[in-house]
Amino acid sequence: MDSERQDPSASAGAPRRRTVLRAVTLAAGLSSTSCTPDAVGREPRVPAGAADGVPVTESWRWSALPAPPSVPRWNAVAAWTGRDALFLGGSTGPPCPWDAHTPCFRDDDLSTAHHDGLAWNPGTNAWRRTAAAPRGVLDSPHAVVGDRVFVLAEDALLAYDAGSDTWAHLPLPPGHPVNQSPGYSLVAVGGSLLALAPGYAGSPGEALPPELPDSTYDLAQGDEGSWLPLPDDPLDPMVFRAALATPDGLLLLAGDVARSGPSDPPPLVHGALLDVASSTWRRLPDSDQLFGGGWTWTGERALSATPGTDAGLDGSYGRPVPYSGAVTLPAGTWSSVPQPPDLGSRGWMVLATAGARVATLGFVYDDTTRTWTRLPAPAADRAAEDPGPAVWTSQGLVVLGSRLVPATGEEAVTPSRSAWVFHPPR
C-alpha cells in the first residue's frame with residue numbers, strides 16, 4: 001500500500017453496547033464550552049509583559065527560550081492550560097540506539113519516570129518545577145479542563161492543578177486498566193471528562209474481549225464522584241475511535257483497518273453527533289477519507305491533517321484515498337485538506353496538535369490559511385537530533401529540547417538544557 005502517514009492509535013474490536021442514560025451532566029459541560037479558537041487557533045495573543053524578543057514577522061520563526069531547570073524529558077505529558085506550558089513527568093534515561101537488535105524500553109520504564117515536571121509561563125518567560133506527582137508519570141491519555149490536567153495512567157487517574165501546584169486522585173473509569181494498548185482515551189467536554197473506550201478488531205473465530213463503556217465524569221462532583229455511561233452510539237464497532245466537543249454536540253469519529261481482499265472497499269471514516277439535550281445520536285454522512293490521527297476542533301470544523309494517501313492492495317481502491325479531511329457541523333459536510341507540497345523534503349519531526357494548527361511529519365499545517373509550512377530545526381546542529389515533547393501555546397509551538405539517538409556501541413550524549421518556540425506570523 002502507498003501509505004505516508006502518522007499511524008493512528010488503535011486496538012482490536014468487538015461490538016460494544018452501553019446503557020442508555022440521559023446525558024444531563026454532559027449537556028451542562030458542552031453548553032459551558034466556548035468551542036472557539038483559543039490561543040492556538042486564529043490569533044495567538046502576546047500576553048502583557050511577554051518575553052523580550054518575541055518576533056513580529058510575516059513568516060514562521062524560531063526563538064530560544066531560557067534554559068529549563070532540567071535536561072529535556074522524553075515521554076512527558078505535554079499540555080497547555082492557557083497560561084502555562086506543562087511537561088509533566090517523563091524520562092531522562094538514555095535513548096535506545098536506532099539499530100538495536102534487542103528490546104529496549106528504557107523510555108517507557110515507569111521506574112525511570114520523573115514525579116515532578118517543568119512549566120513555562122510566556123508572560124514571565126520563566127520556567128519552574130512542578131510539584132511531584134504521587135507516582136512517576138509517562139506520556140498517557142490526558143485532557144485539560146481549566147488549570148487542571150487529567151492524566152489517565154495505567155493504575156490511576158491523576159489531576160494536576162497548575163494554579164495551586166497540587167496533585168489529586170480521581171476514580172478510574174469502569175473497565176480501566178484495559179489489558180491492551182491503547183486503552184481508554186481521555187477527552188475534555190466542557191466541565192466533564194469523557195473516557196472513550198478503545199475499538200476492537202478480532203480475527204474470525206477469535207474470542208471477543210469484555211465489553212467496555214464510554215463513560216463521562218462530571219467534574220462538579222469533585223474528586224470522589226462517579227462515572228456514568230454515555231448513550232449507545234449508532235456506529236458499527238471499528239478499530240479507530242476519536243471524540244471531540246463541539247458547539248453542536250459531542251462528535252464521534254470511527255474508522256476501520258484496511259482489509260486484505262482485492263475487492264474490499266476503502267475503510268472510510270464514519271461520524272455521529274450526540275445532541276446532549278435530548279441524549280440522542282444522529283449519524284452523519286460518510287466521509288471520503290481514511291482514519292488519520294490527531295483529530296482536532298478548529299473552532300469551525302473537525303480536522304485530521306494526517307499527510308498521505310492509500311490506494312489499497314495493488315491499487316484495489318481505484319484511486320488514492322487521503323488520510324486527511326475535515327467535517328463541518330451540524331450538517332456533517334466533508335471536505336478535503338491539502339497535502340504538504342513535498343513529503344520528500346520533511347523538516348523536524350515534531351508532533352503536536354491543537355485548535356487549527358498541526359505539527360506532524362516535519363511540517364506545520366494551519367487550517368486558518370489552509371497552508372503547510374516546512375518545519376526546520378531551530379539550529380543547524382539540531383537537525384540530526386530528535387525533538388523533545390511539544391505543545392501549542394499562545395506564543396506558538398514550544399519544544400522542550402532535543403537529543404541525538406546513538407548507534408549501537410555508541411554512548412548516549414546527555415542533551416543540553418534547551419527549549420524553543422516556533423512563532424507563527426503575526
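Just so it is clear, the model here is predicted, and its values are computed rather than measured. Note: hydrogens, waters and symmetry copies are ignored here, and every other heavy atom, side chains too, is used.
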So which heavy atom on [X] is nearest to which on [Y], and how close?
{"X": "Val321", "Y": "Asp288", "value": "CG1-O, 3.9 Å"}
{"X": "Trp167", "Y": "Pro134", "value": "CB-CD, 3.9 Å"}
{"X": "Ser324", "Y": "Thr306", "value": "CB-O, 3.3 Å"}
{"X": "Ala85", "Y": "Val391", "value": "CB-CG1, 4.0 Å"}
{"X": "Ser279", "Y": "Pro231", "value": "OG-CG, 3.1 Å"}
{"X": "Trp281", "Y": "Leu274", "value": "CE3-N, 3.5 Å"}

[atom1]/[X] to [atom2]/[Y] distance, rounded to the nearest 0.5 angstrom?
{"X": "Trp295", "Y": "Leu252", "atom1": "CH2", "atom2": "CG", "value": "11.0 Å"}
{"X": "Thr92", "Y": "Asn75", "atom1": "OG1", "atom2": "CG", "value": "11.5 Å"}
{"X": "His423", "Y": "Thr393", "atom1": "NE2", "atom2": "OG1", "value": "8.5 Å"}
{"X": "Leu253", "Y": "Leu235", "atom1": "CG", "atom2": "CG", "value": "8.5 Å"}
{"X": "Ser287", "Y": "His270", "atom1": "OG", "atom2": "NE2", "value": "7.0 Å"}
{"X": "Met349", "Y": "Leu375", "atom1": "CE", "atom2": "CG", "value": "10.0 Å"}

Report the C-alpha separation of Asp366 and Thr368 in whole Å, then their side-chain angles, then the decisive distance to 0.1 Å, and conclude whether the side-chain hydrogen bond (donor to acceptor under 3.5 Å, both in side chains) test is met.
CA-CA 6 Å; Asp366 188 338; Thr368 62; 2.5 Å; yes

Under 3.5 Å side-chain donor-acceptor pair for Asn125 and Trp120:
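Trp120 and Asn125 do have a side-chain donor-acceptor pair below 3.5 Å.
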
Could you tell me whether the side chains of Tyr160 and Asp165 share a donor-acceptor contact shorter than 3.5 Å?
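Yes, a side-chain donor-acceptor pair sits under 3.5 Å.
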
Look at the side chain of [X] and the backbone N and O of [Y], then say whether any donor-acceptor pair between them is shorter than 3.5 Å.
{"X": "Trp334", "Y": "Pro285", "answer": "yes"}
{"X": "Trp60", "Y": "Phe422", "answer": "no"}
{"X": "Trp62", "Y": "Ala379", "answer": "no"}
{"X": "Trp227", "Y": "Pro171", "answer": "yes"}
{"X": "Tyr365", "Y": "Pro340", "answer": "no"}
{"X": "Arg129", "Y": "Pro69", "answer": "yes"}
{"X": "His142", "Y": "Ala78", "answer": "yes"}
{"X": "Arg374", "Y": "Ser345", "answer": "yes"}
{"X": "Trp127", "Y": "Pro66", "answer": "yes"}
{"X": "Ser140", "Y": "Leu138", "answer": "yes"}

Passes side chain to side chain contact (heavy atoms under 4.5 Å, CB included), Ser70 versus His114? Steps please.
CA-CA 11 Å; Ser70 164; His114 287 266; 5.5 Å; no

Any side-chain heavy atom of [X] sitting closer than 4.5 Å to one from [Y]?
{"X": "Val189", "Y": "Val276", "answer": "no"}
{"X": "Val144", "Y": "Val149", "answer": "yes"}
{"X": "Arg282", "Y": "Pro330", "answer": "yes"}
{"X": "Pro267", "Y": "Met238", "answer": "no"}
{"X": "Arg241", "Y": "Asp233", "answer": "yes"}
{"X": "His169", "Y": "Leu158", "answer": "yes"}
{"X": "Val364", "Y": "Val350", "answer": "no"}
{"X": "Leu219", "Y": "Leu170", "answer": "yes"}

Lys/Arg N to Asp/Glu carboxylate O, Asp147 vs Arg83, below 4.0 Å
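Yes.
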
Decide, yes or no, whether a salt bridge links Asp223 with Arg148 under the criterion of side-chain N to carboxylate O below 4.0 Å.
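Answer for the salt bridge query: yes.
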
Before giving the answer on side chain to side chain contact (heavy atoms under 4.5 Å, CB included), spell out for Arg357 and Leu397 the whole-Å C-alpha distance, their side-chain angles and the decisive distance to 0.1 Å.
CA-CA 9 Å; Arg357 293 186 176 131; Leu397 180 63; over 6 Å; no

Classify the ring geometry between Trp348 and Trp420 as parallel (under 30°), tilted (30 to 60°) or perpendicular (over 60°).
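Ring orientation of Trp348 relative to Trp420: perpendicular.
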
Between Trp74 and Arg403, does the side chain to side chain contact (heavy atoms under 4.5 Å, CB included) criterion hold? Intermediate values first, please.
CA-CA 10 Å; Trp74 271 256; Arg403 66 178 177 182; 3.2 Å; yes

Run Leu88 and Thr130 through side chain to side chain contact (heavy atoms under 4.5 Å, CB included) and show every step you take.
CA-CA 8 Å; Leu88 303 175; Thr130 68; 4.0 Å; yes

More than 12 foreign heavy atoms under 6.0 Å from CD of Glu154: is that the case here?
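No - once you tally the heavy atoms of other residues, nucleotides and ligands closer than 6.0 Å, there are 12 at most.
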
